[in-house]
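So the structure is just underneath, and the comments pick up after that.
Counting from 1, the numbers follow the sequence of the chain as shown.
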Amino acid sequence: MRLLQSVSDIEGTGFAGSPTITVNGADIFPDGAPSADLACRIYMTPNGFAGLPTMDQLTTALRDHGF
């Protein structure tokens, strides 16, 4: 877990809004566009946009990244 509190904290991180879920520094939902601002992130789920991916989406993304 990494706390980003300022615009300078996000430079070079690939941050795409909060929460950005990474494994070994890679965004496990790479369709998120990098952000230059501290912003909320939305995820497309089977039920529409949401503030978090579903548990199934998270499980699949982690499995796809070797976990």
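One finds the CZ atom of Arg41 at 4.5 Å from the OG1 atom of Thr20 (value rounded to the nearest 0.5 Å). With rounding to the nearest 0.5 Å, the separation of OG1 in Thr54 from CE in Met44 is 12.5 Å. For the atom pair CZ of Arg2 and OG1 of Thr22, the computed distance is 9.0 Å after rounding to the nearest 0.5 Å.
The number of heavy atoms from other shown groups lying within 6.0 Å of CG (Asn24) does not exceed 12.
Leu62 approaches Val23 most closely through the heavy-atom pair CD2-CG2, 3.8 Å. Across every non-hydrogen atom of Pro19 and Gly51, the tightest pair is CD-O, 3.5 Å. Minimum heavy-atom separation, Thr13 to Ile10: OG1-O, 2.7 Å.
The shortest distance between side-chain heavy atoms of Ile21 and Pro53 falls below 4.5 Å. Here the side chains of Leu38 and Ser18 are not in contact, with every heavy-atom distance at 4.5 Å or above. Within the 4.5 Å cutoff, no side-chain heavy atoms of Asp64 are placed close to those of Ile28.
For the ring pair (Phe, Tyr, Trp, His ring centres under 6.0 Å) condition, no pair includes a residue of residues 44-67, sequence neighbours left out. Residue pairs meeting the ring pair (Phe, Tyr, Trp, His ring centres under 6.0 Å) criterion with at least one partner in residues 25-48, sequence neighbours excluded, are Phe29-Tyr43.
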